[in-house]
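Here the structure comes first, spelled out in structure tokens, and everything after it is commentary.
Nothing here was measured: the structure is a model prediction, and the numbers come from that model. Because only heavy atoms are used, hydrogens play no part in the values below, and waters and symmetry mates are left out as well, while side chains stay in.
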Amino acid sequence: MTSRPEYLQAEEGLRPIDLQAGLFLERLAGGDQPLLRFAAALVSRAVGQGHVCLPLALIAADPLLQAQQAQDVERLRHSLLASPLVGRPGERTPLVLDDHDQLYLYRYFRHEERIARHLLARGGQGFDVDRTAARTLLRALFPCRVDAEPDRQQIAAALTLLKPLVVISGGPGTGKTHTVARILALLRGLHGDGLRIGLAAPTGKAAARLQESIRTAGRRIGGDLAADIPDQAVTLHRLLGFQPDRGTFRHDRENPLRLDLLILDEASMIDVVLMAALLDALPPHCRLILLGDRHQLASVEAGCLFSDLCGRDDPAWSEPVRDTIADLTGTRPAAGTTRGPMADCVVLLRTSYRFRADSGIGMLARAVNSGDVRTIENLPATGRDDQEVVTAEGRESLKQEILAGFTPLFRAGSAEEALARLDRFRVLCALRHTTHGVSGINELAERVLGRAGLISATTPWYRGRPVMILRNHYSLQLFNGDTGIIWPDQQGRLQAWFRRPDNTLRPVALSRLPEHETAYAITIHKSQGSEFEQVLLLLPGTDLRILSRELVYTGVTRARRRLILHGDRKILARAIRRRAVRHSGLRQRLWPGTE
């Protein structure tokens, strides 16, 4: 069959790189291999959509193949394995078909295989602990609570004494960094200050938030227990020593990190490629603590790694681990439901100390997570107390909210104050390039603020303009997602001001700014790792496949005090019925026997 790349690209949604991947493998196979070509193109497209692999059932049912020749899974499997370019696990071939009938590009199969091997090896190990000293410290760091529920934060801390790998998942306000600060105090108390500790996050903003949160939690601990708790956090790329000229990391299997403990926040944002590199660079004795929210959006790149690590339900800790936790904490954790080699390594934090049970934001977040459409369709017009949800529709309402939300920014007296006010209000969009997306809303915001006399300049450079960096610039230490503000310096010259890791500001000349965009509105994906006092969450005017439960949940939980939900409630209800699907074999490796 003659390939028609232009036709396929237009009609089937294949990117040029997908078409070229298929054509390249077809040439390697000797030509005239349409089934191999199309299967390779579909797997390449799947990776671009965030999947690590693609089930044969979906390949067989794809119109691209069905239009050529009807396929079922058995025939497709037999046909693909007849090619020397498709192999089984353990074979070095461009495409790999695993035992679950999932087709991978070789590179991604190897990444997933390495991740599983590292994690299962760590999960199968354990540490001896001085139980007397541990009990004393755990009681001091986690005073008895008045409720009868076991303290899962204390259980998580106890688990870090027993296992070299601990995964802590919890929504906003469940106390993940509160717990980590106490884990640091606990380990320092037991092992002294010789413990080499690293704190990291995927983005600069997330690293800065982790750093500040641990400092705040450390002050609350107080006394000798809080002394010398490390709080210097860096990005994961900086930790690994990314070398942009080579596209590799300085730290790897041959040059591992010199750490005894690594705490990694916002782990749901990490893709399989970066996680494989990190695990390669960790020495075998190093403890690894991963923090995140399994209900949030997965990484922008391929995989849904953190969700795969956590499993679907409560982990069923083994009896020896439950016995030891009971001995250390005085409370015996309940038996979970999901068994597997990772079960002893996972803790789910459920109690939110930020959102009260009857708060508007808390109620909405729970409804979205559980798919409670009835609650969504009957949202009150106003919320409750100081954690409210306000629903709105219409262009005029949108303009009013934008004007009210950003006016304080332009009345700030300094760049420091302006950045602080920018963190109080932000518009979050599901899309980028539509009237309801980032580009359209940023244009609308500038028109609204200009008509109100808050923007007087006719150029893109004006006092108060928020900007977001779109491409890493290592010499300037500015990274994708960093947000700054255009503000005059003491001589009246406009500069772009960004926060340093220590929370002080630094100016960058406008002529040196890397690729960037105006940032009154940002995508929900870009908002991960951030929080704002008020969020205007804008839904598109029509139902789209990109709208999912995970996307809405991530947007809702960026708000601390007030959420303005702007859009049709029916579209919102449809969105939370739709789960984001990422095809991956990692969960099957880590939690065998579970779906």
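Annotation: the span from His191 atom NE2 to Leu261 atom CG amounts to 9.5 Å, rounded to 0.5 Å. Interatomic distance, CD of Gln232 versus CD of Gln211, reported as 4.5 Å (0.5 Å rounding). In this structure, CZ in Phe425 is found 12.5 Å from CD in Glu533, a value given to the nearest 0.5 Å. Put simply, CG on Leu137 and CG on Leu186 are 5.5 Å apart, with the number rounded to the nearest 0.5 Å. Distance check, rounded to the nearest 0.5 Å: CZ of Arg432 to CD1 of Ile546 gives 11.0 Å. Note that the CZ atom of Arg258 and the NE2 atom of His251 stand 10.0 Å from one another [nearest 0.5 Å].
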Would you be so kind as to tabulate the donor-acceptor pairs closer than 3.5 Å made by side chains of residues 156-173, with sequence neighbours excluded?
from: Thr160; atom 1: OG1; to: Ala157; atom 2: O; distance (Å): 2.5
from: Lys163; atom 1: NZ; to: Gly123; atom 2: O; distance (Å): 2.6
from: Lys163; atom 1: NZ; to: Gln125; atom 2: O; distance (Å): 2.7
from: Ser169; atom 1: OG; to: Arg294; atom 2: N; distance (Å): 3.1

Apply salt bridge (Lys or Arg N to Asp or Glu O under 4.0 Å) to residues Glu212 and Arg209 and explain how you reach the verdict. CA-CA 5 Å; Glu212 183 58 32; Arg209 278 195 57 222; over 6 Å; no
Working for side chain to side chain contact (heavy atoms under 4.5 Å, CB included), residues His516 and Leu478: CA-CA 11 Å; His516 61 278; Leu478 289 176; over 6 Å; no
Step by step, work out the side chain to side chain contact (heavy atoms under 4.5 Å, CB included) result for Leu348 and Val346. CA-CA 7 Å; Leu348 307 180; Val346 178; 3.9 Å; yes
Verify salt bridge (Lys or Arg N to Asp or Glu O under 4.0 Å) between Arg582 and Glu550, making sure each step is shown before the conclusion. CA-CA 12 Å; Arg582 288 280 181 98; Glu550 292 79 6; over 6 Å; no
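Inter-residue side-chain proximity for Leu264 and Ile270 is flagged as met; some heavy-atom pair is nearer than 4.5 Å. Proximity of Thr329 to Asp151: side-chain heavy atoms (C-beta onward) are nowhere separated by under 4.5 Å. Counting heavy atoms from C-beta on, the side chains of Asp252 and Phe249 never come closer than 4.5 Å. In this structure, Arg152 and Pro333 have side chains that are not in contact, with every pair of non-hydrogen atoms separated by 4.5 Å or more. Between Leu257 and Leu240 the shortest side-chain heavy-atom distance falls below 4.5 Å. Leu428 has its side chain within reach of Ile522: a pair of non-hydrogen atoms, C-beta onward, lies under 4.5 Å apart. The shortest side-chain heavy-atom distance between Thr174 and Gln153 does not fall under the 4.5 Å cut-off. No side-chain heavy atom of Arg426 sits less than 4.5 Å from a side-chain heavy atom of Arg558.
Judged by distance alone, the side chain of His51 and the main-chain N or O of Ala46 form no donor-acceptor pair under 3.5 Å. Although no hydrogens or angles enter the test, the distance criterion places a donor-acceptor pair under 3.5 Å between the side chain of Asn472 and the main chain of Asn480. Remark: side-chain polar atoms of His295 are not paired, donor with acceptor, to backbone N or O of Asp293 under 3.5 angstrom. Between the side chain of Arg499 and the backbone N or O of Asp482 there is no donor-acceptor pair closer than 3.5 Å. Looking only at distances, no side-chain donor or acceptor of Asp260 sits under 3.5 Å from a matching main-chain atom of Leu195. Side chain of Thr554 to main chain of Leu297: a donor-acceptor pair is present (N/O by atom type, distance under 3.5 Å, no hydrogens or angles). A donor-acceptor pair under 3.5 Å is absent between the side-chain atoms of Trp317 and the main chain of Val347, judged by distance alone. Of the possible donor and acceptor atoms, none in the side chain of Arg589 sits under 3.5 Å from a partner among the backbone N and O of Ala116. When atom types are taken as modelled, the side chain of Ser213 and the backbone of Leu210 share no donor-acceptor pair closer than 3.5 angstrom.
No side-chain donor-acceptor contact under 3.5 Å links Arg122 and His118. Inspection of the Ser584 and Glu112 side chains reveals an N or O donor paired with an N or O acceptor under 3.5 Å. For the 3.5 Å distance criterion, the side chains of Thr504 and Arg500 qualify, holding a donor opposite an acceptor. Counting only N and O atoms by type, the side chains of Thr248 and Gln243 include a donor and acceptor under 3.5 Å apart.
Under the 6.0 Å distance and 45° angle rule, Arg238 does not count as a cation-pi partner of Phe479.
The shortest non-hydrogen separation linking Leu547 to Arg578 is O-NH1, 2.8 Å. Taking each heavy atom of Asp271 and Leu274 in turn, the nearest pair found is OD1-N, 3.0 Å. Between Trp497 and Leu419 the shortest heavy-atom distance is O-CD1, 3.8 Å.
A salt bridge does not link Arg560 to Asp423: none of the charged side-chain nitrogens sits closer than 4.0 Å to a carboxylate oxygen. A salt bridge does not link Glu266 to Lys176: none of the charged side-chain nitrogens sits closer than 4.0 Å to a carboxylate oxygen.
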